[in-house]
Student: 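The structure under discussion is supplied below as structure tokens; questions concerning it will follow.
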Amino acid sequence: MGKIRNIVIFTCVVLLLAACEADKINTSPAVKLGFSTEKVLFDTVFTNRGNSTRRFKIYNPTKNKLIITSVRLNQDGAYSINFDGSKGSSFDKVTMEAGDSLVVYVQVFIDPNDKEAPFFVRDSIMFLTNGNEQKVYLEAYGQNAKYFKVHEFAADTVITDKIPILVQDTLRVPSGVTLSLTDGAALYFCKNAVLEIGGSLKIKGSLESPVVLRGDRSDYMNTNPPLCYDHASGQWGGIKFTKNSVNNTIEYGCIRNATFGMEMDSLDVSHDALFIENSRIYNSSGSVITTVNADVTIKNSLLYNAGGSVLDITGGKLDVRHCTIANYYSFSWGKRSAASVNLRNQTLLGTLIPLDAVFYNNIIYGTYNNEITFVKKDGADDNISYKFSHCLLKQLKSNIDEHYEECIVNLTPQFVFEGWSEEKRKLFPHQYDFHLMGGSPAIGRADFAVSLTIPLDLDGESRTSDGSSDIGCYEFRQ
């Protein structure tokens, strides 16, 4: 019994001494705080508009209390900090318990200026502890912008500004009006914002400066590893082409991360409804492109990743050449639900709409066993015409018939990202490289006569200089 009592007394003494040690204040000038990062980075931050909060931790690495003499921003400007539950630009005499940590939240708000190009906004937070100065650096990428909430263009409009446009709700182009976006123009859309086209949309970018339509957020989700919102689907509504919208063109456009992507409902297939060339359109939580009874041509473009179909086509006319169509869509908040290409000759209500579709020199691939599906009205086979020529397809062999000419079936195209290491895939989540690796079965298998009509690939490189050409939007290069 006496032994047990002595052990208890000894343990209590040890704990008491440890508590006393922890209550002591460390005043050594050699002590340094620990930080979870040396630099807090913000991506593009629009002027006159705040950004989501960044945070970092500070640590007391000692067995004693520490008193941080002061915490302060070096400049009284764009940044503010929330420290230990209080917001401000400076704090004095902050006590940290032994071995404890505190979270510092940082926000940035940048005033507008006369700069067109993006610019850096820098500051630092200085920590003074026992006469010892330490800094955590802050850096944001500022960008002036023009703002639209709900706006309708009253007359033909050409947007050439290098200053981005931030669309907060609806940007509307009424019937009889044309909106033109030239190279380098950028439209950023807030959550659920849409571009509604009743007239015509003319996107004319360039290889070096494509026209960009995307979501407005460039910060990161609280995931591991952190996922940038610019790599996530569902960041804005999409482009809605209303009935009778015709003569729409998208050349060198980059349209990404929408909810319903691009939707087109046309009443008259005698007019060209939509022409797409040299463009990248991808990452929709719904389908990437949905059309009903429209005349659509897509050339030399990369279309990929959708919660629905990449192409969901009901009736009308469709001509697709030298495109890469792929679906590897998978997010924690949603998985894909349809084949990459879905062709119908009837509406969801069963109304018959004849379809005429041709595919030349395309890759259609993804995670499904069958990436092409058909919805045909019973007894109306004469009202659906389709042809796949010199394509690489992920398709059930039982579906291959006279509609398929010189196609490669169920051989992986060997996209570059498929060769990435597991470590690289973790570092770059939801990023893809659809160029071809050496040994791809798509190399040299395209219809050369068709390639001669589209002699440059999506990178602007010749696809015909060696006398043969590759299937898809990219020509293989060593």
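Atom set for the values below is all heavy atoms of this structure, side chains included, hydrogens, waters and symmetry mates excluded.
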Student: Tell me if the aromatic rings of Tyr229 and His231 count as close, with their centers under 6.0 Å from one another.
Tutor: no
Student: Does NZ or CZ of Lys39 lie under 6.0 Å from the centre of the six-membered ring of Tyr137, at an angle within 45° of the ring axis?
Tutor: no
Student: Between the side chains of Asp319 and Lys317, is the shortest nitrogen-to-carboxylate-oxygen separation below 4.0 Å, so that they form an ion pair?
Tutor: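 Not counted as a salt bridge, because no side-chain N and carboxylate O are separated by less than 4.0 Å.
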Student: Examine the side chains of Asn257 and Asn283 and answer whether a donor and an acceptor come within less than 3.5 Å of each other.
Tutor: yes
Student: Phe331 and Tyr329: aromatic ring centres closer than 6.0 Å?
Tutor: yes
Student: Please check if the distance between the ring centroids of Phe434 and Phe417 is under 6.0 Å.
Tutor: yes
Student: Can you check whether Phe35 and Phe127 have ring centres sitting under 6.0 Å from each other?
Tutor: yes
Student: Hydrogens and angles aside, do Asn74 and Ser124 bring a side-chain donor and acceptor to less than 3.5 Å of each other?
Tutor: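 Ser124 and Asn74 do have a side-chain donor-acceptor pair below 3.5 Å.
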Student: Hey, could you give me each pair passing side-chain hydrogen bond (donor to acceptor under 3.5 Å, both in side chains) that has a residue in residues 181-206? Not counting sequence neighbours.
Tutor: Arg172-Glu196, Lys204-Glu251
Student: Give the C-alpha distance, both sets of side-chain angles, the deciding distance and a yes or no for side-chain hydrogen bond (donor to acceptor under 3.5 Å, both in side chains) between Thr373 and Asn370.
Tutor: CA-CA 7 Å; Thr373 55; Asn370 192 39; over 6 Å; no
Student: Going by atom types alone, do Asn300 and Asn278 pair a side-chain donor with an acceptor below 3.5 Å?
Tutor: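 Yes, a side-chain donor-acceptor pair sits under 3.5 Å.
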Student: Report the residues that fulfil side chain to side chain contact (heavy atoms under 4.5 Å, CB included) with Val103, sequence neighbours left out, ordered by chain and then residue number.
Tutor: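 Scan of Val103 (side chain to side chain contact (heavy atoms under 4.5 Å, CB included), adjacent residues dropped) gives Arg55, Lys57, Tyr105.
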Student: Under the salt bridge (Lys or Arg N to Asp or Glu O under 4.0 Å) definition, can you give me all pairs with a residue in residues 326-341, not counting sequence neighbours?
Tutor: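 Sorted pair list: Arg336-Glu371.
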